[in-house]
Number of protein chains: 2
Amino acid sequence: MITPNAKEIFRGYIKAKGLRHTWQRDTIIDAFLSAAGHLTVEELFQIVTRIHPGIGYATVHRNLNLIRECGLADEIKIGNEKTRFEPTCGRTHHDHLICLKCKCFIEVNNNQIEQLQERLAEANDFLPLRHKLEIYGLCKNCR
Amino acid sequence: MITPNAKEIFRGYIKAKGLRHTWQRDTIIDAFLSAAGHLTVEELFQIVTRIHPGIGYATVHRNLNLIRECGLADEIKIGNEKTRFEPTCGRTHHDHLICLKCKCFIEVNNNQIEQLQERLAEANDFLPLRHKLEIYGLCKNCR
DNA sequence: GTTGTTATTGATATTCATTATCAGTATAAT
DNA sequence: ATTATACTGATAATGAATATCAATAACAAC
C-alpha cells in the first residue's frame, strides 16, 4: 500500500476550503511532516524559525490547527501538559500507555479493541469518527 | 455490594495527608456528592455558594482537586470545553461517546474492552491504573 | 483551656496556552 | 493590471488553572 502524499492532502484541504497557498504554509507542513512526532506548537515554531526566521508563532499555531483539521495530525493532551500534535499519515492509528511518573508514553495498537469500539458505538446509534484511548499507569522503569 | 461511604473516603484522604477538616470541605464534598454528575468547577461553586455564601472560588477549585486525587471524581475534558468532574463512587467505570456537533455525551461500558486493555498494558510491562476512552462522532440526533 | 504551629481560606494576582484583533501584505481570479 | 479577500505577524485578549499572601482556623501538645 502506498502512503498517500500528506502534503497533497494538506494542499487539497486548503484549496477545498477556499483558502490560499502561501510559502509559510508550505514551510510549516514540510517541517511538521519531516519532524519526529509528538511536537508542541512551541517546538514546531522553533524548527520553522530555524528554516525561515520571521514566521510568526500565531501562524504556526493556526496552520497546525488546519493540519489537525484535515486529519494529518492527532492531538495528545496529557493532564496540564502542553498539547502535542502527532502525524497520522502513513501510520496506523494507535493508542497510548502514559506513565504518570516519568510522563513517557508507549504507543500501542489492538484491532480487537478497535472493533469492539465500533460495535459499542453502533449499539448506541452513534456514528464514530475518531477516538482516543489513554491508559494511565506506571511504565516498566517506574513501576 | 455496599457502596463505600464516599465522604469517609474523602475525610480519610484528608487525614492521611496531614490536612485538616474544615466546614468548607464538608460543604463542598456534600454538594459534590449529592449533585448530578459532570459538574464544572464553576457549577459546583454556584451550588456551594447557595448553601454557604462566602466560600471562595479558589477553595472549591482546590478541594475539587483533592476529591479527584483521592479517586472520588474523574476528570472529563472535551476539546476546549471546561473541565468537568464526575463522581466515581458507587458507579462502575464507564467510557464516553461524545457528539462533535451537539457536545452531548453518552456513557457506555464494555467489559471486554476493559479486559483487553488490561492485557494490552500487561504485554507492555505497564501497570495500568486508570484509563480514558473517548469515542468522538455524531449522536443519534446529529448524524 | 491555653498556646503554638501550621494548614486553610478568600481575595486577588499571575501564569500560560490558545484565540482574537487588525493593519499591512500577498494571493489568485478576472 | 485590477480587485476582492485571505493571510501574516505582532500584539492584545481570553479564560481556566494555579500561585500568592495576610488573616484565620484547626489541632496537637501541654
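Within every chain, numbering begins at 1; the chains are lettered A, B, ... in the order of the sequence lines, protein sequences first and strands thereafter. Predicted model, so just to flag it, every value in this text is computed and none were measured.
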Counting distance only, does the side-chain N/O of B/Thr40 pair as donor-acceptor with the main-chain N or O of B/Thr83 below 3.5 Å? no

Is any side-chain nitrogen or oxygen of B/Thr59 closer than 4.0 Å to OP1 or OP2 of C/dG10? yes

Respond yes when some side-chain nitrogen or oxygen of B/Thr83 is under 4.0 Å from OP1 or OP2 of D/dA16, and no when none is. no

Among [options], which is the nearest nucleotide to the side chain of [X]?
| X | options | result |
| --- | --- | --- |
| B/Gln24 | C/dG10, C/dT18, D/dG9 | C/dG10 |
| B/His21 | D/dC27, D/dA17, C/dT27 | D/dC27 |
| B/Leu19 | D/dT8, C/dA11, C/dA7 | C/dA7 |
| B/Thr22 | C/dA7, C/dT9, D/dA6 | C/dT9 |

[N] [atom2] sits how many Å from [X] [atom1], rounded?
| X | N | atom1 | atom2 | answer |
| --- | --- | --- | --- | --- |
| A/Ile55 | D/dA10 | CD1 | C1' | 15 Å |
| A/Leu64 | D/dT8 | CG | P | 13 Å |
| A/Arg62 | C/dC22 | CZ | C1' | 11 Å |
| A/Asn65 | C/dA17 | CG | P | 15 Å |
| A/Glu81 | C/dT18 | CD | C1' | 17 Å |
| B/Lys82 | C/dA17 | NZ | C1' | 17 Å |
| A/Ile28 | D/dG9 | CD1 | C1' | 11 Å |
| B/Asp26 | D/dA25 | CG | P | 17 Å |

Do A/Glu69 and A/Lys17 meet the salt-bridge criterion of a basic N to acidic O distance under 4.0 Å? yes

Can you label the angle between the B/His52 ring and the B/Trp23 ring as parallel, tilted or perpendicular, going by 30° and 60°? tilted

Between A/Trp23 and B/Gly56, name the one whose nearest nucleotide on DNA chain C is closer to the 5' end. B/Gly56

Restricting to side chain to side chain donor-acceptor pair (under 3.5 Å), what partner residues turn up for A/Arg68, sequence neighbours left out? A/Asn65, A/Glu75

Going by the rule side-chain contact (heavy atoms from CB on, under 4.5 Å), which residues pair with A/Ala123 if we only count those two or more places apart in sequence or in a different chain? none

If you assign B/Ala58 and A/Ala58 each to the DNA chain D nucleotide with the nearest heavy atom, which residue ends up on the more 5' nucleotide? A/Ala58

Of B/His61 and B/Arg20, the one whose nearest nucleotide on DNA chain D sits closer to the 5' end is B/His61

